[in-house]
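Notes follow once the structure below has been shown.
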Amino acid sequence: MRRNASTDLAWEAWGRDDPYFGVITDARFRKQQLTGANKAEFFDSGAQHVARVLETCRRQLDPAFSPQRVLDFGCGVGRLVIPFARVARQVVGLDVSDHMLREAALNCGEQSINNVSLRKSDDALHALQGDFDLIHSYIVFQHIPLERGKRLFLGLLHHLRPGGIGVLHFTYWTRSREPEGALRKHWRRARRSLRKLADRLRANPSQSRRDPEMQMNAYDVNALLLALQSAGVGRIYTELTDHGGKLGLILYFQRPAQ
């Protein structure tokens with residue numbers, strides 16, 4: 001089986017079996033623990049993220065930025081399309097998993113959101129039409145094989161209108177690439193975590209099922225910057241991220257108006 005098809009099947013399984021945990025890997029968002037309060041916290045985290053993104057766009061790139069057409073690439077269950085829909089005229093959510101898209105549609109309906117279009121993603125981005133004021137993706141590219149991710153990144157750039165802003169997140173370093181001494185330290189931590197996990201599984205055997213694959217891929221930052229500069233981007237703003245030792249960056253950039 002091709003690697004791309006394998007990862008697509010894995011994300012379809014996440015969408016079917018444990019969609020909220022597939023978006024944010026926190027035990028509170030496991031399907032069997034997803035209470036009403038936990039689900040509200042899940043969506044509140046999305047609203048906070050969107051508020052930070054828009055504030056950063058205005059502070060760093062364009063004080064008058066007010067996106068009317070927004071794309072959220074890798075939208076999952078709608079954690080970010082819903083708050084984007086409250087500030088924009090139209091939002092498109094793109095995802096490779098049909099189950100994720102169905103769950104996102106249910107969530108939009110529950111929150112009376114009717115200006116979101118949810119579409120199936122493919123490598124050529126056939127579902128996308130027209131340009132966007134804001135193209136956004138967060139904690140998504142890290143799960144996409146590198147060559148495929150690079151093609152998607154370039155494809156998304158073609159849909160950013162002149163004057164539009166891109167906000168895209170990539171992982172560039174993982175613990176597996178750290179020096180040997182650091183690896184020994186993390187291995188000791190991992191053993192402690194495994195012992196705790198074994199204790200939890202003994203207490204709750206239903207959690208012992210095997211989760212689908214969740215790849216972590218580190219991108220070449222030089223290649224990303226070269227693509228942006230080749231597209232005429234002259235200014236960027238970068239924020240660094242750390243998700244449990246998986247280091248990344250959020251690239252904020254504005255396509256030239258001319």
Side-chain angles (χ1 to χ4, degrees), residues 7-54 67 69-88 90-122 125 127-128 132 134-144 149 152 156 167-171 207 209-216 241 243-244 246 248 250:
T7 56
D8 287 357
L9 289 174
W11 282 104
E12 194 64 76
W14 277 114
R16 180 188 66 239
D17 298 333
D18 217 345
Y20 296 85
F21 184 81
V23 175
I24 300 181
T25 52
D26 186 304
R28 291 169 298 171
F29 307 130
R30 281 286 191 186
K31 187 174 184 178
Q32 59 269 39
Q33 299 182 44
L34 193 67
T35 64
N38 288 349
K39 190 173 180 180
E41 184 178 355
F42 177 91
F43 281 103
D44 185 59
S45 73
Q48 293 178 38
H49 174 85
V50 166
R52 286 194 302 271
V53 163
L54 294 176
R69 193 162 193 254
V70 175
L71 169 65
D72 186 40
F73 176 74
C75 65
V77 299
R79 184 176 78 106
L80 303 176
V81 295
I82 289 173
F84 274 130
R86 292 195 169 109
V87 297
Q90 181 191 21
V91 177
V92 174
L94 205 62
D95 203 279
V96 75
S97 165
D98 290 317
H99 282 90
M100 289 283 193
L101 292 171
R102 283 194 284 271
E103 189 70 17
L106 290 173
N107 288 324
C108 287
E110 287 177 359
Q111 301 197 36
S112 301
I113 298 295
N114 55 21
N115 59 334
V116 168
S117 176
L118 298 167
R119 302 174 187 174
K120 180 73 175 284
S121 181
D122 62 22
L125 301 173
L128 290 187
F132 294 86
L134 173 63
I135 294 180
H136 172 273
S137 183
Y138 184 60
I139 54 175
V140 173
F141 274 96
Q142 61 195 31
H143 301 310
I144 301 175
L152 287 164
L156 290 174
V167 181
L168 303 176
H169 173 251
F170 298 88
T171 297
Q207 292 188 7
R209 65 173 178 81
R210 184 176 178 181
D211 282 328
E213 179 186 20
M214 187 180 288
Q215 288 188 12
M216 288 299 302
T241 63
H243 292 97
K246 300 171 182 65
I250 304 175

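Hydrogens, waters and symmetry mates are skipped; everything else that's a heavy atom, side chains included, is used. No experiment lies behind these values; they were computed from the predicted model shown.
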Distance check, rounded to the nearest 0.5 Å: [X] atom [atom1] versus [Y] atom [atom2]?
| X | Y | atom1 | atom2 | answer |
| --- | --- | --- | --- | --- |
| Glu41 | Arg28 | CD | CZ | 4.0 Å |
| Leu71 | Phe132 | CG | CZ | 4.5 Å |
| Thr171 | Met216 | OG1 | CE | 4.0 Å |
| Thr25 | Met214 | OG1 | CE | 6.0 Å |
| Arg69 | Leu134 | CZ | CG | 12.0 Å |
| Ile144 | Thr7 | CD1 | OG1 | 8.0 Å |

Sidechain-backbone polar pair: [X] side chain, [Y] backbone, donor-acceptor under 3.5 Å:
| X | Y | value |
| --- | --- | --- |
| Asn38 | Gln33 | yes |
| Ser97 | Met100 | yes |
| Asp95 | Leu101 | no |
| Asn107 | Val77 | yes |
| Asp18 | Arg30 | no |
| Ser137 | Phe73 | yes |

If you look at every heavy atom in [X] and [Y], which pair is closest and at what distance?
| X | Y | result |
| --- | --- | --- |
| Leu94 | Ala127 | CD1-CB, 4.0 Å |
| Leu118 | Ala105 | CD1-N, 3.4 Å |
| Gly76 | Val23 | CA-CG2, 4.4 Å |
| Ile24 | Ser45 | CD1-OG, 3.9 Å |
| Ala88 | Asn115 | O-ND2, 3.0 Å |
| Pro83 | Val50 | CG-CG2, 3.6 Å |

Checklist entry - Among all residues two or more places apart in sequence or in another chain, which pass the side-chain hydrogen bond (donor to acceptor under 3.5 Å, both in side chains) test with His169? => result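 In terms of side-chain hydrogen bond (donor to acceptor under 3.5 Å, both in side chains), with neighbours along the sequence ignored, His169 is linked to Thr241.
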Checklist entry - Side chains of Arg102 and His99: closer than 4.5 Å at any heavy-atom pair? => result yes
Item to check | Residue pair Leu80 / Val53, side-chain heavy-atom distance below 4.5 Å | outcome: no
Item to check | Lys120 bridged to Asp98 by N-O distance under 4.0 Å | outcome: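 Salt bridge between Lys120 and Asp98, a charged N being under 4.0 Å from a carboxylate O: yes.
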Item to check | side-chain contact (heavy atoms from CB on, under 4.5 Å) assessment of Val116 paired with Ile82 | outcome: CA-CA 8 Å; Val116 168; Ile82 289 173; 5.9 Å; no
Checklist entry - Where does the angle between the aromatic ring planes of His136 and His49 fall among parallel (under 30°), tilted (30 to 60°) and perpendicular (over 60°)? => result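 Rings of His136 and His49: perpendicular, as their planes differ by over 60°.
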Next on the checklist: Using 30° and 60° as the class boundaries, would you call the ring planes of Phe43 and Tyr20 parallel, tilted or perpendicular?
Outcome noted: perpendicular
Item to check | Asp26 vs Phe42, side-chain contact (heavy atoms from CB on, under 4.5 Å): CA-CA, chis, key distance, verdict | outcome: CA-CA 10 Å; Asp26 186 304; Phe42 177 91; over 6 Å; no
Item to check | Check against side-chain contact (heavy atoms from CB on, under 4.5 Å), Val167 and Tyr138 | outcome: CA-CA 8 Å; Val167 181; Tyr138 184 60; over 6 Å; no
Next on the checklist: If the test is side chain to side chain contact (heavy atoms under 4.5 Å, CB included), which one of His143, Glu213, Gln215 qualifies with Trp11?
Outcome noted: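 Result: among His143, Glu213, Gln215, His143 is the only option passing the side chain to side chain contact (heavy atoms under 4.5 Å, CB included) with Trp11.
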